[in-house]
Amino acid sequence: MKILVLTAHPDLSSSRINRAWYQALMQSPGVTARNLTAVGGPMMTFDRRDEQALLLAHDRIVFQFPFYWYSSPPVLKAWMDAVLSYGFAYGPGGDKLKGREFLCLVSTGGPESSYHAGGYNSFSMDEFLKPFQQTANLTGMTYLRPFVFHGLAQADPAVISASRSEMLAHITDAELDPKVRLSRLLREIEADPQKAAAVS
Ligand SMILES: Cc1cc2nc3c(=O)[nH]c(=O)nc-3n(C[C@H](O)[C@H](O)[C@H](O)COP(=O)(O)O)c2cc1C
């Protein structure tokens with residue numbers, strides 16, 4: 001499985017967690033990590049054909065970003081507007097992303113407990129990430145469970161450091177889609193019915 005991570009941080013040099021993740025991703029086999037701020041430059045301009053060719057060369061697309069005002073930093077939106085075009089990602093003939101997998105890799109300043117009804121952020125991350133989920137739906141990609149690191153404002157360096165391997169395990173998990181895991185289990189049960197007891 002080939003994984004493309006689009007890293008959307010305005011200044012990785014000042015980052016605590018996304019830079020650590022980006023560096024870990026760069027060293028990870030089968031993963032292409034792309035720093036969108038470096039690629040797009042100050043005007044956030046992208047060569048549509050280059051970016052689309054990269055998407056086509058990968059099976060799983062990951063949007064990596066720090067949570068800014070309940071969404072992504074603007075460079076990711078600039079990339080989406082330029083690259084996910086009519087006839088490629090949607091509309092007639094726009095089925096080029098169909099069948100790929102998609103997920104978000106996000107860090108938040110606020111703690112996990114704030115991302116609930118009654119918490120000071122009121123809503124869950126699943127609710128805040130709905131525009132990304134629907135982008136995946138419209139473009140025919142399978143939306144996978146996001147990896148969210150909460151509470152960066154209070155996190156100590158050891159926790160940030162440990163998050164690198166947890167993040168890598170999550171985004172490279174070939175069975176992140178529960179349907180993929182289920183069909184593997186069913187194949188195993190078919191081959192060896194006694195396994196059914198162990199699985200249930
Ligand atoms: C402009 C801006 C907006 C932010 N908005 C949010 C927010 O809506 N929710 C939140 O939990 N944290 C918010 N934060 C905190 C960032 O999510 C946090 O600092 C970031 O995840 C740190 O990542 P980094 O170490 O890679 O820079 C915001 C930070 C900035 C600078």
Side-chain angles (χ1 to χ4, degrees), residues 3-46 51 54 58 60-84 101-136 143-173 176:
I3 302 172
L4 175 64
V5 180
L6 300 165
T7 303
H9 193 292
D11 177 19
L12 277 181
S13 68
S14 67
S15 155
R16 290 178 72 207
I17 194 159
N18 284 279
R19 179 175 51 176
W21 287 351
Y22 178 72
Q23 287 167 345
L25 290 160
M26 292 280 279
Q27 288 160 15
S28 187
V31 177
T32 308
R34 188 162 177 79
N35 178 351
L36 293 187
T37 297
V39 175
M43 299 304 288
M44 295 190 273
T45 48
F46 295 95
E51 300 302 316
L54 263 176
H58 292 82
R60 181 176 283 180
I61 314 302
V62 181
F63 284 1
Q64 179 201 348
F65 54 93
F67 210 41
Y68 279 8
W69 286 113
Y70 307 106
S71 186
S72 67
V75 67
L76 183 57
K77 188 64 169 48
W79 180 94
M80 291 170 75
D81 292 354
V83 179
L84 302 180
E101 294 182 318
F102 172 88
L103 74 145
C104 292
L105 167 54
V106 189
S107 62
T108 76
E112 210 270 332
S113 58
S114 68
Y115 283 95
H116 292 284
Y120 71 80
N121 284 314
S122 307
F123 302 100
S124 70
M125 287 304 284
D126 284 341
E127 290 170 293
F128 282 122
L129 293 175
K130 275 186 198 276
F132 296 101
Q133 182 171 5
Q134 179 52 21
T135 298
Y143 185 81
L144 302 176
R145 189 159 46 87
F147 183 90
V148 182
F149 183 101
H150 282 295
L152 197 88
Q154 307 288 332
D156 68 51
V159 178
I160 292 175
S161 182
S163 76
R164 284 179 302 188
S165 53
E166 291 159 25
M167 174 280 292
L168 282 176
H170 184 95
I171 72 149
T172 60
D173 180 355
L176 208 46

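From a predicted model like this one, the values you see are computed outputs, not experimental measurements. Note that ligands are numbered from 1 as they come in the structure, with each ligand's atoms numbered from 1 the same way.
For Phe67 and Phe128, the distance between ring centers is under 6.0 angstrom.
Donor-acceptor pairing under 3.5 Å is recorded for the side chains of Ser124 and Glu127.
For atom 8 (O) of ligand 1, the closest heavy atom belonging to the protein is Tyr70 N, 3.0 Å. In terms of protein heavy-atom proximity, atom 5 (N) of ligand 1 is nearest to Trp69 N, 2.8 Å. Ranking the protein heavy atoms by distance from atom 14 (N) of ligand 1 puts Phe67 O, 3.3 Å first. Nearest protein neighbour of atom 18 (C) of ligand 1, counting heavy atoms only, is Gly109 N, 3.9 Å. Atom 21 (O) of ligand 1 has its closest protein heavy atom at Ser107 OG, 2.6 Å.
Of the possible donor and acceptor atoms, none in the side chain of Arg34 sits under 3.5 Å from a partner among the backbone N and O of Leu4. The backbone N or O of Ser114 sits nowhere less than 3.5 Å from a side-chain atom of His150 that would complete a donor-acceptor pair. For the pair Ser28 (side chain) and Ala24 (backbone), a donor-acceptor distance under 3.5 Å is absent. Of the possible polar contacts, one joining the Gln64 side chain to the Asn18 backbone as a donor-acceptor pair under 3.5 Å is found.
With ligand atoms numbered from 1 in the order given, ligand 1 contributes 23 (O), 24 (P), 26 (O) to contacts under 4.0 Å with heavy atoms of Asn18. Near Arg16, the atoms of ligand 1 lying under 4.0 angstrom from a non-hydrogen atom of the residue are 24 (P), 25 (O), 26 (O). Using a 4.0 Å cut-off to heavy atoms of Ser15, the atoms of ligand 1 that qualify are 24 (P), 25 (O), 26 (O), 27 (O).
Across all non-hydrogen atoms, the minimal contact from Ser15 to Ile17 is OG-N, 3.4 Å.
Every N/O-N/O distance between Pro66 and ligand 1 stays at or above 3.5 Å. Annotation: Arg19 places no N or O atom under 3.5 Å from an N or O atom of ligand 1; distance criterion only. For His9, a nitrogen or oxygen atom sits less than 3.5 Å from a nitrogen or oxygen atom of ligand 1, counting backbone and side chain alike. By the 3.5 Å distance cut-off applied to N or O atoms, Leu152 is not counted among the residues near ligand 1. Distances between N or O atoms of Asn121 and those of ligand 1 include no value under 3.5 Å.
Using the six-membered ring where Trp is involved, Phe132 and Phe63 have ring planes that are perpendicular, over 60° apart on the 30 and 60° scheme.
Evaluated by nearest non-hydrogen atom to atom 1 (C) of ligand 1, the leading choice among Tyr68, Phe65, Tyr22, Trp21 is Tyr68.
Looking at heavy atoms from C-beta onward, Phe147 lies out of side-chain contact with Val62 at the 4.5 angstrom threshold.
Across His9, Met167, Met26, a single residue satisfies side-chain contact (heavy atoms from CB on, under 4.5 Å) together with Trp21, and that is Met167.
The closest approach between Tyr115 and ligand 1 falls below 4.0 Å for a heavy atom of the residue.
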